[in-house]
Peer 1: 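One structure, pasted below without further comment.
What you see is a predicted model; the values in this text were computed from it and never measured.
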2 protein chains.
Amino acid sequence: MAKPVSEEDIVTAESVFREFLRDRGQKYTGERKVMLRTVMSVHEHFDVERILVELGQAGHRVGRATVYRTLRLLENCGIIKEVSFGQKQTYYEHIHGHAAHDHMVCRRCGRILEFDNAAVVELRKLLARQVQFHDLSHRFQVLGLCRACWQSCPATRKPAAR
Amino acid sequence: MAKPVSEEDIVTAESVFREFLRDRGQKYTGERKVMLRTVMSVHEHFDVERILVELGQAGHRVGRATVYRTLRLLENCGIIKEVSFGQKQTYYEHIHGHAAHDHMVCRRCGRILEFDNAAVVELRKLLARQVQFHDLSHRFQVLGLCRACWQSCPATRKPAAR
DNA sequence: GTCAATGCAAACATTTTGCAACTCT
DNA sequence: AGAGTTGCAAAATGTTTGCATTGAC
């Protein structure tokens, strides 16, 4: 689902992040540098815990609070975005190399499918125009059963109770 | 945005709830009865705190834990549904009398507009079919600026920083 | 040297849970 | 009578914040 991120992509993201920080009088610290590389190297959806583990395995010691603070910065400068699936933690994904997409979430096994959202954006713009709303973005998820779960339970064909 | 709920509507919801509970060997307690009437009488989006306040003002003493537990039951039997706007608490709305709709959320003032989602459902079904996903429901929100906020800030035309 | 960032622990907010007392059926 | 329910307080979770120390520019 995600394309590999090359060293060149990382360098590009780095300059975006540096410029963003410089414009705001903020510093490009070692922790921020290593966090940027970490989020760029994780191609699935990730949460704070995952980043902490990745950092730990790579031998970097970064405090939990710093991870929270830096993820917010990375989100604000458009390198990552929040994707939420109803769990209580916040999940993110990096944007680079990802075509615009939304998600289908299987209510039985939790699997997540991505799909191109061009049609969704088009519909969104149409709907927004109708009520004179200035649309900037959206959140869209389709909930249901993935093919495997649907086929494996022909009897009930009901999602698991939660 | 919501239509008034008549006594008759409440009686209908009551029988749905009772039957749901009976089928599962659970009890229709005084707390559950009063909570059902409370959620049916609130026509905006509400959270746990709001229900607690409503109950208190009506002179009913129901524990916080019971409110959490009962909202889950009411959700499972389809009388209310979760609607989330990125805040940390969970918000709900009752379904009765509401046409199927989704929301547009103003990122500046927080105002929430509802809109008919028939077209969204249609698109969802089309998209799901394409990837052989068995769609059951969806979550969709359009984020941006409402008409008033868009007009009132011709200079920046940017959402408030968060 | 200055001002911002970090790490830690404490604080917070929301939701869940264990359990003794209680109440529908 | 018996099984499920309640309220309370404690626990669990995820995230934020205060502050002394450290580090970038």
Side-chain angles (χ1 to χ4, degrees), chain A residues 14-15 17-39 45-53 55-56 58-77 80 82-92 161-162, chain B residues 14-15 17-39 45-53 55-56 58-77 80 82-92 161-162:
Chain A
E14 242 164 8
S15 67
F17 194 24
R18 293 185 86 131
E19 189 165 336
F20 171 85
L21 291 170
R22 183 157 27 80
D23 288 351
R24 304 172 22 145
Q26 295 180 286
K27 293 168 182 170
Y28 189 59
T29 63
E31 288 82 359
R32 289 177 182 174
K33 177 171 190 158
V34 78
M35 278 224 23
L36 174 66
R37 296 186 89 87
T38 303
V39 303
H45 303 122
F46 58 84
D47 59 3
V48 167
E49 209 50 45
R50 171 68 186 276
I51 295 301
L52 243 9
V53 170
L55 288 168
H60 298 110
R61 198 176 313 284
V62 178
R64 188 175 231 89
T66 299
V67 173
Y68 276 101
R69 290 186 277 232
T70 307
L71 287 177
R72 173 157 314 172
L73 289 176
L74 289 168
E75 186 186 8
N76 285 341
C77 78
I80 63 176
E82 190 185 320
V83 292
S84 186
F85 302 106
Q87 290 118 115
K88 49 177 72 173
Q89 330 90 291
T90 302
Y91 275 81
Y92 297 92
R162 56 161 212 157
Chain B
E14 243 164 7
S15 66
F17 194 24
R18 293 186 85 131
E19 189 166 336
F20 170 85
L21 291 171
R22 183 158 25 81
D23 289 351
R24 304 173 21 146
Q26 296 180 284
K27 292 169 183 170
Y28 190 58
T29 64
E31 287 82 359
R32 290 175 181 174
K33 177 171 189 159
V34 80
M35 276 216 34
L36 173 68
R37 297 185 88 87
T38 303
V39 303
H45 303 122
F46 58 84
D47 61 2
V48 167
E49 209 51 44
R50 171 68 186 276
I51 295 301
L52 242 9
V53 169
L55 289 168
H60 299 111
R61 198 176 314 281
V62 179
R64 189 175 230 89
T66 299
V67 173
Y68 276 101
R69 292 186 276 231
T70 307
L71 287 177
R72 175 160 310 175
L73 289 175
L74 289 167
E75 186 185 8
N76 285 340
C77 79
I80 64 176
E82 190 184 320
V83 290
S84 185
F85 302 106
Q87 290 117 122
K88 47 177 75 170
Q89 330 90 291
T90 302
Y91 276 80
Y92 296 93
R162 54 165 211 155

Peer 1: Between Y92(B) and E75(B), what is the shortest heavy-atom contact and its length?
Peer 2: CE2-OE1, 3.9 Å
Peer 1: Does the pair E31(A)/R61(A) count as a salt bridge with the N-to-O cut at 4.0 Å?
Peer 2: no
Peer 1: Name the first nucleotide and the last nucleotide along DNA chain C (5' to 3') that come under 4.0 Å of a heavy atom in chain B.
Peer 2: dT14(C) to dT25(C)
Peer 1: Any salt bridge between E49(A) and R64(A), counting N to O under 4.0 Å?
Peer 2: yes
Peer 1: Nearest whole angstrom, please: distance from the C1' of dG14(D) to the CZ of R64(A).
Peer 2: 9 Å
Peer 1: Which part of the nucleic acid, if any, lies within contact of R69(A), taking any heavy atom under 4.0 Å across all strands shown: a base, the sugar-phosphate backbone alone, or nothing?
Peer 2: base
Peer 1: Just how far, in rounded Å, is P of dG4(D) from CG of D23(B)?
Peer 2: 15 Å
Peer 1: Whole angstrom is fine here: how far is it from CD in E82(A) over to P in dG14(D)?
Peer 2: 15 Å
Peer 1: Please work out whether the ring planes of H45(B) and F85(B) are parallel, tilted or perpendicular, with thresholds of 30° and 60°.
Peer 2: tilted
Peer 1: Side chain of T66(B), backbone of V62(B): donor and acceptor closer than 3.5 Å?
Peer 2: no
Peer 1: Output the rounded distance in Å from CZ (F17(B)) to C1' (dT5(D)).
Peer 2: 12 Å
Peer 1: Minimum heavy-atom separation for I80(A) and L71(A), please, with both atom names.
Peer 2: CD1-O, 3.5 Å
Peer 1: Between dG14(D) atom C1' and L52(A) atom CG, what is the distance in whole Å?
Peer 2: 12 Å
Peer 1: Search all heavy atoms of D47(B) against all heavy atoms of T90(B) and return the closest pair with its distance.
Peer 2: CB-O, 3.4 Å
Peer 1: Once you round to the nearest 0.5 Å, how far does CE of M35(B) lie from CG of L52(B)?
Peer 2: 9.0 Å
Peer 1: Would you compute the distance between atom CZ of R18(A) and atom CG of L36(A) and round it to the nearest 0.5 angstrom?
Peer 2: 10.5 Å
Peer 1: How close do F20(B) and L73(B) get, counting heavy atoms only, and between which atoms?
Peer 2: CE2-O, 4.0 Å
Peer 1: Compute the bend angle of the helix from dG1(C)-dC25(D) to dT25(C)-dA1(D) from the end axes (five pairs per end), rounded to 10°.
Peer 2: 40°
Peer 1: Quick check against the 3.5 Å criterion: does R32(B) have a side-chain atom that pairs as donor or acceptor with the backbone of K27(B)?
Peer 2: yes
Peer 1: By a strict heavy-atom criterion of less than 4.0 Å, which residues belonging to residues 24-39 of chain A are in contact with DNA chain C?
Peer 2: G25(A), Q26(A), K27(A), T29(A), E31(A), R32(A)
Peer 1: With DNA chain C as reference, determine whether R18(B) or Q89(B) sits nearer its 5' end, using the nearest nucleotide of each.
Peer 2: Q89(B)
